[in-house]
Amino acid sequence: EVQLQASGGGLVQPGGSLRLSCAASGFIFDDYAIGWFRQAPGKEREAVSYISTGGGSAYVGSVRGRFTISRDGAKNTVYLQMNRLKPEDTAVYYCGRTYGGSWSGLMTWFYGMDLFGEGTLVTVSS
């Protein structure tokens with residue numbers, strides 16, 4: 001079965017850290033750029049970060065310098081390390097895939113997604 005499974009969300013205090021994981025299965029992991037988008041209550045989906053097939057990455061401005069994305073081909077998993085979390089980071093986080101490596105850009109990844117998994121809830125609150 002082709003799927004992406006996100007995990008690692010939870011409740012954290014402002015300034016804290018979480019690491020999200022996105023486990024891929026059923027397809028050739030190395031053929032796809034994988035990334036994260038989020039949706040807060042009452043708001044539209046927002047692209048957060050992606051990592052290309054070659055390991056390049058991009059971030060939305062509000063998380064740059066606080067979040068780091070990485071991928072492990074041996075485990076077919078993408079990680080999002082989130083540091084210095086803020087209440088405005090509270091959202092359901094989803095991981096998604098976009099095929100290929102001949103393009104670049106966070107919004108190209110976002111609008112090119114053909115699959116995303118169930119989300120994981122991140123709540124930043126004291």
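Nothing fancy with the numbering, it's 1 onward along the sequence. Computation of the quantities below employed the complete heavy-atom set of this structure, encompassing side-chain atoms and omitting hydrogens, waters and symmetry-equivalent molecules.
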Q: Can you tell me how far apart OG1 (Thr53) and CD1 (Ile34) are? Round to the nearest 0.5 Å.
A: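 The CD1 atom of Ile34 is 10.0 Å from OG1 of Thr53, to the nearest 0.5 Å.
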Q: Taking all non-hydrogen atoms of both residues, which atom of Ser125 and which atom of Pro14 are closest, and how far apart?
A: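 Residues Ser125 and Pro14, closest heavy atoms: C-CD, 3.6 Å.
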Q: Going from CG on Asn76 to OH on Tyr32, what distance comes out if it is rounded to the nearest 0.5 angstrom?
A: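 OH of Tyr32 is found 12.5 Å from CG of Asn76.
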Q: Under 4.5 Å between side-chain heavy atoms, counting indirect links through other Ile/Leu/Val/Met/Phe/Trp/Tyr residues: same cluster for Tyr79 and Phe116 or not?
A: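 No, Tyr79 does not connect to Phe116 through the hydrophobic network.
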Q: Could you pull out the closest heavy-atom pair between Gly73 and Asp30, with the gap in Å?
A: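 For Gly73 and Asp30, the tightest heavy-atom pair comes out as CA-OD1, 4.4 Å.
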Q: Should Trp36 and Leu121 be counted in the same cluster of Ile, Leu, Val, Met, Phe, Trp and Tyr side chains packed under 4.5 Å apart?
A: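 Yes, Trp36 and Leu121 fall within the same hydrophobic cluster.
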Q: Could you list the residues that satisfy side-chain contact (heavy atoms from CB on, under 4.5 Å) with Ser25, not counting sequence neighbours?
A: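 Ser25 satisfies side-chain contact (heavy atoms from CB on, under 4.5 Å) with Gln3 once adjacent residues are dropped.
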Q: Of the non-hydrogen atoms in Gly112 and Thr98, which two are nearest, and what is the gap between them?
A: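 The pair with the smallest heavy-atom distance is C-OG1, 3.3 Å.
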Q: Are Trp103 and Tyr50 an aromatic pair by the rule of ring centers under 6.0 Å?
A: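 Close enough - the centres of the two rings lie under 6.0 Å apart.
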Q: Are side-chain heavy atoms of Asp89 and Phe67 found at a separation under 4.5 Å?
A: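 They are in side-chain contact.
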Q: For Glu118, which residues count as a salt bridge (charged side-chain N to carboxylate O under 4.0 Å, His left out) partner, sequence neighbours excluded?
A: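 So Glu118 forms no salt bridge (charged side-chain N to carboxylate O under 4.0 Å, His left out) with any residue.
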Q: Arg38 versus Val63: any side-chain heavy-atom pair under 4.5 Å?
A: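 They are in contact (side-chain heavy atoms under 4.5 Å apart), so the answer is yes.
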Q: Check Tyr94, Tyr111, Tyr93 against Phe37 for a ring-ring contact (aromatic ring centres under 6.0 Å, His included) and give me the one that passes.
A: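 For Phe37, the ring-ring contact (aromatic ring centres under 6.0 Å, His included) test succeeds with only one of Tyr94, Tyr111, Tyr93, which is Tyr94.
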Q: For Tyr99, I'd like to know if atom OH has over 12 heavy atoms of other residues, nucleotides or ligands within 6.0 Å.
A: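 Open.
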Q: Below 4.5 Å, heavy atoms only, C-beta onward: do Glu46 and Ser62 meet side chain to side chain?
A: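 Yes. Closest side-chain heavy atoms under 4.5 Å.
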Q: Could you state the interatomic distance from CE (Met82) to CG (Leu18), rounded to the nearest 0.5 Å?
A: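 Interatomic distance, Met82 CE to Leu18 CG, rounded to 0.5 Å: 4.5 Å.
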Q: Check Thr77 against Ala23 and note the closest heavy-atom contact, atom names and distance.
A: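 Heavy atoms of Thr77 and Ala23 come nearest at OG1-CA, 4.1 Å.
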Q: Within a strict 4.5 Å, meaning less than it, do heavy atoms of the Arg97 and Val2 side chains meet?
A: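 Yes, at least one pair of side-chain atoms sits under 4.5 Å.
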Q: Checking Arg71 now: which residues fulfil salt bridge (charged side-chain N to carboxylate O under 4.0 Å, His left out) with it, not counting sequence neighbours?
A: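 Partners of Arg71 by the salt bridge (charged side-chain N to carboxylate O under 4.0 Å, His left out) criterion come out as none, since no residue qualifies.
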Q: Can you see which heavy atom on Thr120 is nearest to which on Ala6, and at what distance?
A: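 It is CG2-CB, 4.2 Å.
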Q: CD1 of Ile51 to CH2 of Trp109: how many Å apart, nearest 0.5 Å?
A: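 If we round to the nearest 0.5 Å, Ile51:CD1 and Trp109:CH2 are 12.0 Å apart.
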Q: Can a cation-pi geometry be assigned to Arg64 and Tyr59, taking NZ or CZ under 6.0 Å from the six-membered ring centre and within 45° of the ring axis?
A: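 Geometry flag: not set, cation outside 6.0 Å or 45°.
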Q: Which pair of heavy atoms, one from Ile69 and one from Ser57, lies closest together, and at what distance?
A: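 Closest pair (atom of Ile69, atom of Ser57, distance): CG2-CB, 3.6 Å.
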Q: Quick one, Ser49 and Leu80 - any side-chain contact, counting heavy atoms below 4.5 Å?
A: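 A side-chain contact exists here, since the closest heavy-atom pair is under 4.5 Å.
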Q: If I take atom OG from residue Ser21 and atom CD from residue Gln5, how far apart are they, to the nearest 0.5 angstrom?
A: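 It comes to 10.5 Å.
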Q: For the atom pair CE (Met113) and CZ (Arg45), what is the distance rounded to the nearest 0.5 Å?
A: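 Here the rounded value is 7.0 Å.
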